[in-house]
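Note that the numbering runs from 1 along the sequence shown for the chain.
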Amino acid sequence: MCWYGRVPPTPRIRTSHWSLARQLLVLQLAILLVLVAGGITIAYLDARRTTTNRASEQSLAVAHAIADAPDIARAVATPDPTATLQPYAQQVLADTRVDFVTIMSPQGIRYTHPNPALIGRRFLGHIEAAQQGGVVTETYTGSLGPSVRAVVPVFGAQHRVVALVAVGITIAAISAELQDRVWPLLGVAAAVLLVGGCGGWLVSARLKRQTRGIAPAELSNLFEYHEAVLHSVREGVLLVGRDGRVGLCNDGARTLLGLSGDPVGKQLAELGLSAELTAAFTAPENRTEELHLTDSRVLVVSTTLVRSGSRAQGTVVILRDHTELQTLTGELTTARSLAEALRSQAHEAANRLHTVVSLVELGRPEDAVEFATAELALAQELTDRVMSAVSEPVLAALLLGKAAEASERGVELTITPDTMIDDLGPGVASRDLVTILGNLIDNGIDAVVRGSGVRPSVVVTARSEEDGLLLRVADNGPGVPEEAVGEMFRRGWSTKAGDEHGLGLALVVQAVRRYGGTIDVGRDGGAVFTVRLPRQEVAA
């Protein structure tokens, strides 16, 4: 399963539920309404308490001012206190913001009242504390309706209570003042609702664009599908941010790159990847199916830039394992080489057969027998030597095929007498030996064919030792320059022209590293490659 550098489309499941943006808008409006309603209620109660307290303080202040006036004590001592006190009380009502001023006897009989018809009647309210020289503040329903009132004593000679003064403000007046203060509160609340609603709508609209109108249930399903796809595909998927940090890495990518732990949030430089891989993951252009080698795998890397407008936001990296395919390709190449060699040998055998037949027809059967026997012995000698020295059939077939291919190309391929592999040892795969020996022999043949002078020759040694396997391929070609030894095992290095070269030696060093072996490059009239693979320990 592969998308060739594109992020797979995520399935969408439509439901009839509200989108996340709409739910958020409704939630914001509900919270805003609750907050505004709570704020208005608190502000109203505070304004009501403040207005009532101010009315009580104002009534008490006016009452004290009246009681402290010296004319009040003198007036209540006259035979007709009302004649003097009623005009005074009316003047106080006109000059202050109170609704009634009642001056009464210590027993509560009114001397003054806004309604003259009620003068001479008993005051409605509590006056006991004022009769004892104290102060009364209360909310009481009297002749003018509910009111906030204060009752204070008027002291005469010898600090004796000679009258009482009651001043009050009706609840209706307080409510009217409170109403004047509530309207601005309602205006502010309406403005807050309007601004908050508009802000919530803008946030909701932006969220809707970003989530594409998806409901929370859909988002949950999308996340589950996203996780299922990422963890089920064998391909590796990485998201690398513009700053070089890994934003996403699935199980396939961790396996293919040999990462331990969760790399999400880390810089690529912290993951221990090769410089080539890091450069490919952060390349400023798209890349398609590039071959890259790690210590144990051949990877096909495709990258796609993710853009927001004209600005790159990061890179989507798709990794595919090409190791098995590369190995099979090498084995197929070996089989083709062997088939080609067999075809060449069949052609040569036909020529020799014609020679034998011609000698017989010429009446020289002894010469025909001698010629046929010599050719058969030469071919059988190489086959017997390889088959007796190498017990692994795949490796033996490789050597025979390469010998035939070298012969066809005019190269003498020699297998040294000390070549002996009777056991590959535990944990060593024949296909890896085919990769190592096959590529080294191919490189040697190519090197000597391009050279000039002495007869092209490649010498192969492969033997089992106590501590592992030794593989050596030497040629009499031009050799490897000393300055190129450090770069020759890098993917893409080659002395041959074309894009298809430069992978063989990289595959060789990859296989050697996989077994913890070593590869040395020397010079002895040409290039000498020596590979040592230590004996592998097999877990019990």
Student: Judged by atom type as modelled, is there a donor-acceptor pair below 3.5 Å linking the side chain of Arg455 to the main-chain atoms of Gly410?
Tutor: no
Student: Nearest 0.5 Å please: distance from the CG atom of Leu256 over to the CG atom of Leu238.
Tutor: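 One finds 9.5 Å between CG of Leu256 and CG of Leu238.
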Student: If you compare all heavy atoms of Leu305 against all heavy atoms of Pro284, which two are closest, and at what distance to 0.1 Å?
Tutor: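 Result for this residue pair: CD1-O, 3.0 Å.
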Student: Looking at Cys249 and Leu259, what are the two nearest heavy atoms and their distance?
Tutor: SG-CD1, 4.4 Å
Student: Kindly indicate, with the supporting measurements, whether the criterion side-chain contact (heavy atoms from CB on, under 4.5 Å) is fulfilled by Val237 and Ile318.
Tutor: CA-CA 5 Å; Val237 180; Ile318 303 297; 4.0 Å; yes
Student: Using 0.5 Å steps for rounding, measure from the CG atom of Leu469 to the OH atom of Tyr515.
Tutor: 9.5 Å
Student: Please evaluate residues Ile436 and Leu533 with respect to the criterion side-chain contact (heavy atoms from CB on, under 4.5 Å), reporting the C-alpha separation (whole Å), side-chain torsions for both, the decisive distance (0.1 Å), and the verdict.
Tutor: CA-CA 11 Å; Ile436 297 172; Leu533 302 180; 4.1 Å; yes
Student: Closest heavy-atom contact between Pro263 and Leu271?
Tutor: CB-CD2, 3.6 Å
Student: Only one of Thr416, Thr419, Thr414, Thr530 clears side-chain hydrogen bond (donor to acceptor under 3.5 Å, both in side chains) with Thr461; which?
Tutor: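 Answer after filtering Thr416, Thr419, Thr414, Thr530: Thr416.
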Student: Where do Leu437 and Ala462 come nearest, in terms of heavy atoms and distance?
Tutor: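 For Leu437 versus Ala462, the nearest heavy atoms are CD1-CB, 4.3 Å.
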Student: List the residues meeting side-chain hydrogen bond (donor to acceptor under 3.5 Å, both in side chains) with Asp467, not counting sequence neighbours, and say none if there are none.
Tutor: none
Student: Could you measure the distance from the CG atom of Asp475 to the CZ atom of Phe529? Nearest 0.5 Å is fine.
Tutor: 7.5 Å
Student: Taking atom OG1 of Thr282 and atom CG of Leu277, what is their separation to the nearest 0.5 Å?
Tutor: 10.5 Å
Student: Could you report the tightest heavy-atom contact between Val509 and Ile519, atom names first, then the distance?
Tutor: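 Result for this residue pair: CG2-CG2, 4.3 Å.
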Student: Can you measure from CG (Leu239) to OG1 (Thr315) and round to the nearest 0.5 angstrom?
Tutor: 9.5 Å
Student: For Lys402, is there an ion pair with Asp442 - N to carboxylate O distance below 4.0 angstrom?
Tutor: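 Result for this pair is yes, salt bridge flagged.
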Student: CZ/Arg472 to CG/Leu440 distance, rounded to the nearest 0.5 angstrom?
Tutor: 12.0 Å
Student: Do any N or O atoms from the side chain of Thr303 and from the backbone of Arg287 form a donor-acceptor pair under 3.5 angstrom?
Tutor: yes
Student: Between Asn476 and Val448, is there a donor-acceptor pair closer than 3.5 Å when you use the side chain of the first and the backbone of the second?
Tutor: no
Student: Has Arg463 got a side-chain atom pairing as donor or acceptor with Leu470's backbone, closer than 3.5 angstrom?
Tutor: no
Student: Which heavy atom of Gln267 sits nearest to which heavy atom of Asp243, and what is that distance?
Tutor: OE1-O, 3.1 Å
Student: Test side-chain contact (heavy atoms from CB on, under 4.5 Å) on Val300 and Leu319; report intermediate values, then the result.
Tutor: CA-CA 6 Å; Val300 177; Leu319 305 174; over 6 Å; no
